[in-house]
Amino acid sequence: MSAIQPTREEDYPEWYQQVIKSAELAENSDVRGCMVIRPWGYAIWENMQRVLDRMFKETGHENAYFPLFIPISFLQKEAEHVEGFAKECAVVTHHRLEPGPDGKLRPAGELDEPLIVRPTSETIIGATYARWVQSYRDLPILINQWANVVRWEMRTRLFLRTTEFLWQEGHTAHADEQEAREETDRMLGVYADFAENYMAMPVIPGEKTAGERFPGAVNTLSIEAMMQDRKALQAGTSHFLGQNFSRAQKIQFQDKNGQEVFAWTTSWGVSTRLVGALIMTHSDDDGLVLPPRLAPKHVVLLPIYRNDQEKSQVLEYCQSLRQELMQVSFAGDPLRVLLDDRDLRGGDKTWQHIKKGVPIRVEIGPRDIASQSVFVGRRDRGPKEKSSLPRAEFVATVAELLQSIQQNLLDQARAFRAEHTRSISDLDEFIEFFTPRNEAQPEIHGGFAYCHFQDCEEMHQVLQKLKVTPRCIPREEHPDGKCIFSGRPTSLRAMFAKAY
RNA sequence: CGGGGUGUAGCGCAGCCUGGUUAGCGCGUUUGACUGGGGGUCAAAAGGUCGCAGGUUCAAAUCCUGUCACCCCGACCA
């Protein structure tokens with residue numbers, strides 16, 4: 001019997017909800033579509049922020065903060081952008097509340113110009129940059145902002161798609177196209193690096209097809225990850241905006257030749273959706289599994305005792321072990337150690353930490369103290385697969401142990417993705433690959449398929465029926481081929497999948 | 001916004017069709033005892049304006065009308 005009911009096999013979407021609930025990551029709030037991120041979930045996000053923020057700074061970026069509200073006229077300026085975002089914005093039309101005739105509060109003080117709550121900040125940041133840029137000497141501008149944004153989505157799911165979500169958005173302006181394109185690539189590289197080396201989540205970096213582009217972008221790059229239901233999740237995006245936004249926002253300057261020209265801009269972002277990606281990449285039927293590098297706690301110490309005398313003895317041993325472990329460093333940080341001395345039954349407590357995904361559990365009782373040892377279980381192995389080892393050895397090797405868990409999770413995720421990825425050149429095989437075997441569980445289907453394609457009517461018909469989309473066009477060398485849908489020769493090759 | 005469904009204890013549900021004393025059950029919570037390295041056992045206790053408003057009736061969780069909220073399926077999406 002697994003700790004999470006139902007299992008992934010039985011009902012994947014419900015399993016996902018239960019993992020979140022059992023691990024106390026987040027819950028639905030009193031506000032439709034908005035979540036409460038609980039301390040354990042927020043700590044994961046904070047760890048993500050800390051690492052990413054360092055990476056952004058290492059690549060020359062600075063943090064700044066721009067307003068939550070955007071005048072409605074700003075959104076209007078870029079035609080495609082309007083098209084893409086206008087439908088899903090929260091709009092502020094009043095600035096006061098006053099009691100109505102029935103005693104209930106009602107909005108008052110109508111605004112001359114409605115404000116929208118930012119769904120993304122290209123327009124307001126662009127308008128600001130326009131004031132900052134007069135000369136080529138003012139460029140590049142390399143700024144990131146950590147913020148919350150609001151998109152009034154029809155259907156929400158914890159972490160994956162919520163009405164309000166937390167993210168970072170980088171916005172840069174450059175003097176020439178080449179530099180802006182390099183920036184777009186560089187930041188996608190940062191995301192891919194973060195995904196693989198911190199989240200232990202292999203990703204496919206690539207370019208979006210025209211239909212999947214960010215509204216207003218010339219080109220959108222993304223990293224795509226495979227979840228355990230074999231669907232693709234877009235885990236990060238980096239947009240080359242060309243001069244579209246600088247034209248709309250009038251970000252112009254005099255270049256070296258004294259010519260008045262428009263800047264070239266980019267934007268890139270990742271969100272709390274990454275927490276959802278983390279959950280669906282590694283977790284199992286006993287709950288959350290965390291890669292050590294992002295785990296709020298690396299090690300939990302679980303004292304075991306029967307009476308007060310044993311209790312004080314065991315707690316003392318745990319305290320000293322905790323002090324010792326905190327001197328150890330892992331991936332550049334001091335070890336994060338939790339001593340769980342809550343007055344709870346032993347098994348109960350152990351299972352809570354299993355469900356929360358703590359990488360290493362250490363059970364310590366009178367027996368271990370007598371032998372100067374510890375009883376260790378790792379989250380990437382079965383719950384009863386525990387072993388005793390000398391205390392000194394554990395302390396000396398715990399960092400290696402964490403690294404091996406980190407590596408193991410990445411290897412497992414890579415193996416899973418490889419197992420469900422195919423190169424397909426035959427349309428029947430493509431259709432078979434993406435047709436669920438069981439109508440009741442449409443999530444069980446093929447996985448990722450690499451195929452040559454050409455944006456054609458035949459393609460749209462097939463994809464719409466199967467609910468499959470081209471996720472991205474990986475930048476890799478491959479011979480030309482024939483479009484799997486139309487048979488026409490093409491040089492384009494994309495990764496196709498069902499997506500979140 | 002279209003189609004379907006659900007609102008009863010902290011959570012998950014039964015009861016409603018065929019109105020009738022103090023509205024049940026499981027989990028959880030609290031207390032006590034026995035326990036204790038796979039979430040244990042027993043006993044006791046606390047906890048509910050049956051989503052909200054109106055109507056029918058001697059009597060409404062149950063029937064009727066309205067309303068609100070949430071969930072699922074579609075169109076939209078990081």
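Fair warning: this is a prediction, and the values are worked out from it, not measured in the lab.
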[X] side-chain proximity, nearest of [options]:
| X | options | value |
| --- | --- | --- |
| A/Trp351 | B/G39, B/G40, B/G36 | B/G39 |
| A/Gln234 | B/G74, B/A78, B/C11 | B/A78 |
| A/Arg273 | B/G39, B/A78, B/C76 | B/A78 |
| A/Ala3 | B/G36, B/G39, B/G37 | B/G39 |

Legend entry - A/Arg230 side chain to A/Phe448 backbone, donor-acceptor under 3.5 Å: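 Side chain of A/Arg230 to backbone of A/Phe448: no pair is present.
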
Legend entry - Any donor-acceptor N/O pair, A/Ser238 side chain to A/Thr184 backbone, under 3.5 Å: yes

Which nucleotide, in any strand shown, forms a Watson-Crick or G-U wobble pair with [N], with both distances under 3.5 Å?
| N | result |
| --- | --- |
| B/U21 | none |
| B/G10 | B/C27 |
| B/G36 | none |
| B/U56 | none |

Indicate, with a heavy-atom threshold strictly under 4.0 Å, whether [X] touches base, sugar-phosphate, or nothing.
| X | answer |
| --- | --- |
| A/Lys386 | sugar-phosphate |
| A/Tyr500 | nothing |
| A/Ser267 | nothing |
| A/Lys355 | base |
| A/Thr350 | nothing |
| A/Leu160 | base |
| A/Gly346 | nothing |

Calculate the interatomic distance between [X] atom [atom1] and [N] atom [atom2]; express it in whole Å.
| X | N | atom1 | atom2 | value |
| --- | --- | --- | --- | --- |
| A/Glu88 | B/A78 | CD | P | 8 Å |
| A/Asp343 | B/U31 | CG | P | 9 Å |
| A/Glu212 | B/C76 | CD | P | 11 Å |

Legend entry - Side-chain N,O (A/Arg345) to OP1/OP2 (B/G40) below 4.0 Å: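 For B/G40, OP1 or OP2 has a side-chain N or O of A/Arg345 closer than 4.0 Å.
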
Whole-angstrom distance between [N] and [M], as gauged at atom [atom1]:
| N | M | atom1 | value |
| --- | --- | --- | --- |
| B/G26 | B/A44 | P | 13 Å |
| B/G36 | B/C27 | P | 23 Å |
| B/G3 | B/A78 | P | 28 Å |
| B/G15 | B/A61 | C1' | 8 Å |
| B/G19 | B/A60 | P | 14 Å |
| B/A33 | B/G37 | C1' | 22 Å |
| B/C50 | B/U22 | C1' | 16 Å |
| B/C16 | B/G7 | C1' | 13 Å |

Legend entry - A/Arg151 vs A/Asp368, nearer the 5' end of RNA chain B by closest nucleotide: A/Asp368

Legend entry - Nearest-nucleotide 5' precedence on RNA chain B, A/Ile304 against A/Thr272: A/Ile304

Inset, instruction - May I ask whether A/Phe375 stacks on the base of B/G37, given the cut-offs of 5.5 Å between ring centres and 30° between planes? - result: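 No.
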
Legend entry - Side-chain heavy-atom pair A/Thr172, A/Thr265 within 4.5 angstrom cut-off: no

Inset, instruction - Tell me whether the centres of the aromatic rings in A/Phe159 and A/Tyr16 are closer together than 6.0 Å. - result: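 That pair fails the under 6.0 Å test.
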
Inset, instruction - Report yes or no: do A/Asp340 and A/His353 form a side-chain donor-acceptor pair below 3.5 Å? - result: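 Side-chain D/A pair, A/Asp340 to A/His353: present.
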
Inset, instruction - Check whether more than 12 heavy atoms from other residues, nucleotides or ligands sit under 6.0 Å from atom CD of A/Glu46, and answer yes or no. - result: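 Above 12, so yes.
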
